[in-house]
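Read through the structure below, which is laid out as C-alpha cells, and then see the notes.
Both backbone and side-chain heavy atoms feed into the values below; hydrogens, waters and symmetry mates do not. Chain naming here is simple, since letters A, B, ... match the order of the sequence lines and numbering starts at 1 in each.
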Amino acid sequence: MTDTAKPINFIQQIISADIESGKTHKVVTRFPPEPNGYLHIGHAKSICLNFGLAELFNGDCHLRFDDTNPEKEDTEYVQAIIEDVRWLGFLWQGEIRYASDYFDQFYQWACDLIDHQKAYVCELNAQQMREYRGTLTEAGKDSPYRNRPAAESRALLEQMKAGSIAEGAMTLRAKIDMASANINMRDPVLYRIKRMAHHRTGDQWNIYPAYDFAHGQEDAIEGVTHSICTLEFTANRPLYNWFIENLAVPTTPQQYEFGRLNLNYTITSKRKLKQLVDEGHVDAWDDPRMPTLSGLRRRGVSASAVRNFCDSLAVAKTDGVVDMAQFEHFIRDDLNNNARRAMCVLKPLLVTLTNYEQDKVEQFAAAAHPQRDDLGERSIAFRQQLYIDRNDFSEDTGLSRKKFKRLVIGDYVRLRSAYIIRADQVVRDSVGEIQEIKASIVPNTVGADAPEGIRARGVIHWVSALDAVDCTINLYDRLFAEAQPDSGDKNFLEHLNPASLKVIQGCKAEASLDNAEVGEHYQFEREGYFCRDGKVSVRLAFNCTIGLRDNWKG
RNA sequence: UGGGGCGUGGCCAAGUGGUUAAGGCAUCGGGUUUUGAUCCCGACAUUCGGAGGUUCGAAUCCUCCCGCCCCAGCCA
C-alpha cells in the first residue's frame, strides 16, 4: 500500500454503517460462481472484493456453487474454479457450499408459497408465457392458471418433481403482479422441468429452481449479510427481497450491486470464452491468450499481480472499460520485483572471439536480481563462441551511439555480466546472409569499468554457444485486434487477432534455465518476462508473459 | 418506449456545499543505470454531460435537457 489511503468504496461504507447501527454483528459474504465455465479476470475482481471485505471486517466469506442448471454445469468446472480461487490465495470459511445442497429446503418453501396462494403451477408454454408477459410498455395478462386451488398446484408440482410431466409443459410461478413496471415481478418462474441428471444430485430431481428462487435463499440459509453481485442484477433485487419477505428464511441478507470489470482487447463472457474453446479458436480454457485465471497462470501472470490489479479497481456503479495497459502495469510491477533474471537469445547470431582461447571456459557470477541480493546469484559459462540476438547487431556503422546502443563493426558493447567486446568482421554464407561475427574481448573488463578511451555503446545479452540449451518460445499478442470486440452489433469472432501467437524455435537459453520449474517466473533480460510451459510436447518451452516496457523511440 | 442505473482529463477514479478538482494507468520532457528495464524528478482538467436556478460560495442542492448501460430466458 502506498502512503495515500485507499478511498473507502460505497459497499465498505454500507457495511461500516450496518456494524455501527448494530444491524450486522458479523459480516458474511460469498463468492457464488455457477460451474458452467472457467473463471476469468472479471471474476477475480468479485473474488477479491468478497474475500477482501470479509477480511477487512473480520468476517467470513463462503465459496458457493450456484448449481441450479444441470444442463450447463459440470464437475470439471467446479474443480477448475476451486483451483483458481486457491491459486489467488483465498481461503473460504467452512466447507464448500452448493445450491444443490439446499434443494429440499427450496422445495419445501415452494410448497409453503403455494399453500399461501403465492405460487401456482402454470401450464402456459414458453411462447404463451412470453405473450402473456406483456412488453416494456404494456402490462402483462394474468395466466389462466393463476387462481387454481392450492391443492391442485401442490399435486401438479409433485408430479413435475416425480418426472411424470414433459419438459416445458408446466412451471411453478410466483403470484406477484403481472402489471408491474419491473418485468421481473410479472409472476416469475420458480421451478422448471428438466428431466436430466445433475452433477451432484444425480437423478433425484426432475425440476430445478430458477436463479431468482435460489440465490437469496442460499444467502439466507448461510447467513450471508451482504450479497454482492454485478449491476445487471439490479432489476432482480425487488424479487430477491420478495422471497426473503415471503418465505420463512432464517436471516435477511441484502443485495448490493457493483460494476463488473471490463477490459479492452479481450472479452469477459463465460459463454463466449466457451465458444472460443469449443470452436478451436484457442487450445483450451487455459490457453495463455485467454483472460481466464488458468490462462493467465499458464501465461506467467502471478496471482499477486492479479490481486494487486483487482485491489486497484474502483468498486462503484459505473460500468467502464479498463485499459489493458493498467493490468499490464501490475503484471510488470510484480514480476519486476520478484522474477529472477536470466538470459535467453531468441534469434541467435554466432559470435566468435578471436582473442579468446578455444578451450578456455570461465564461470561468471551474475545476480539473479539487480535490486534484490536476497535472490542470490547464478553461474554462467563464458567461452570463445557465443550467441547474441540478430537484432543486437547492425551493419550500419553510421548509426549514432544514441540511436543504436548495440553492436556495430569497429565499436564496443558490453556483454551483460561479462566482457566488453569489439566487433571486427562479418562472415557471410554463400547467399550473403550474415553467418557469424568475428569479435574480440577487451581484457580485464569483467565486473570492471572500461579502460581509458574505450566506451561501450550499450549492454546486450548473450549466451555461451556450447553451454546454451535449445528451447521454443511462445510470443503472445492480444487475442483481439479490436479494443471492444464485443460491443454494438460486432461479431467478436471476426476480430480475433490472427497473429496472437508466434512460436519461435531454436532459441538459446542459458544453462541454468534447463531445469526451470513450471510456475516459476523469470525475466529474460532485455526481452521480457517468461515462464516455462508445462503442457507442451517439446522438452523446453517458455511462454512470454509480457515484454519489458520499451521507451525507446528509435 | 415503461422501469432501473450511470455520466469528473486518452483510460480508471477520489470527491458526500467552503483552501490552488486527490491518486493510478497512458503520454511527453529530464536524471541515474553493466537490462533502451527498474528507480528518481518534472509536465499534463480555469473545470466536473449540457443549460438554467438556489447560495456569500456548487462537481457536490433544485429544474429541465442530452448521452450511455441493464430488464420482455422455463440462463445466471
Just the rounded figure in Å: distance from [atom2] of [N] to [atom1] of [X].
X	N	atom1	atom2	result
A:E527	B:U38	CD	P	15 Å
A:N551	B:C40	CG	P	14 Å
A:H369	B:C39	NE2	P	10 Å
A:W552	B:C28	CH2	P	15 Å
A:Y265	B:A26	OH	C1'	13 Å
A:R186	B:G3	CZ	P	12 Å
A:D392	B:U35	CG	C1'	11 Å
A:L548	B:U38	CG	P	7 Å

Of A:L415 and A:V322, whose closest RNA chain B nucleotide lies nearer the 5' terminus?
->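 In this pair, the answer is A:V322.
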
For A:G447 and A:D323, take the nucleotide of RNA chain B holding the closest heavy atom to each; which residue's nucleotide lies nearer the 5' end?
-> A:D323

Charged N to carboxylate O below 4.0 Å: is that the case for A:R526 and A:D389?
-> no

Flag the pair A:E222 and A:R30 as a salt bridge only when some basic side-chain nitrogen lies within less than 4.0 angstrom of an acidic carboxylate oxygen.
-> no

Donor-acceptor pair under 3.5 Å, [X] side chain vs [N] base:
X	N	value
A:R237	B:G4	no
A:R526	B:U35	no
A:Q13	B:U16	yes

Using the ring of each side chain (for Trp, its six-membered ring), is [X] parallel, tilted or perpendicular to [Y], with breaks at 30° and 60°?
X	Y	result
A:W462	A:F382	perpendicular
A:Y240	A:H215	tilted
A:Y38	A:W285	parallel

When rounded to the nearest Å, what value does the distance between [atom1] atoms of [N] and [M] take?
N	M	atom1	result
B:A22	B:A37	C1'	29 Å
B:A43	B:C11	P	23 Å
B:C6	B:A76	C1'	23 Å
B:A72	B:C64	C1'	30 Å
B:G50	B:G23	C1'	28 Å
B:G29	B:C44	C1'	11 Å
B:G18	B:G3	P	34 Å
B:G52	B:U20	P	24 Å

Output yes when at least one side-chain N/O atom of [X] is less than 4.0 Å from OP1 or OP2 of [N], else no.
X	N	answer
A:R332	B:A37	no
A:R416	B:A37	no
A:H329	B:C25	yes

According to the Watson-Crick and G-U wobble definitions, with both distances under 3.5 Å, which nucleotide is paired to B:A59?
->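 Base-paired to nothing in any strand shown.
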
According to the Watson-Crick and G-U wobble definitions, with both distances under 3.5 Å, which nucleotide is paired to B:G7?
-> B:C66

Per the ring pair (Phe, Tyr, Trp, His ring centres under 6.0 Å) rule, which among A:W242, A:F243, A:Y102 passes with A:F213?
-> A:F243

N-glycosidic conformation, B:G73 - syn within 90 degrees of 0, else anti =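 Syn.
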
Produce the list of close N/O pairs, under 3.5 Å, pairing protein atoms with atoms of nucleotides 30-33 of chain B; give distances to one decimal.
none

Does anything in residues 181-200 of chain A pair up under salt bridge (charged side-chain N to carboxylate O under 4.0 Å, His left out), and if so which pairs, sequence neighbours excluded?
-> A:E71-A:K194, A:D101-A:R200, A:R146-A:D187

Taking the six-membered ring for Trp, is the centroid-to-centroid distance between A:F233 and A:Y211 below 6.0 Å?
->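 That pair passes the under 6.0 Å test.
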
Can you give one letter per nucleotide of nucleotides 69-76 of chain B, going 5' to 3': B for a protein heavy atom under 4.0 Å from the base, S for sugar-phosphate only, - for none?
-> SSBBSBSB

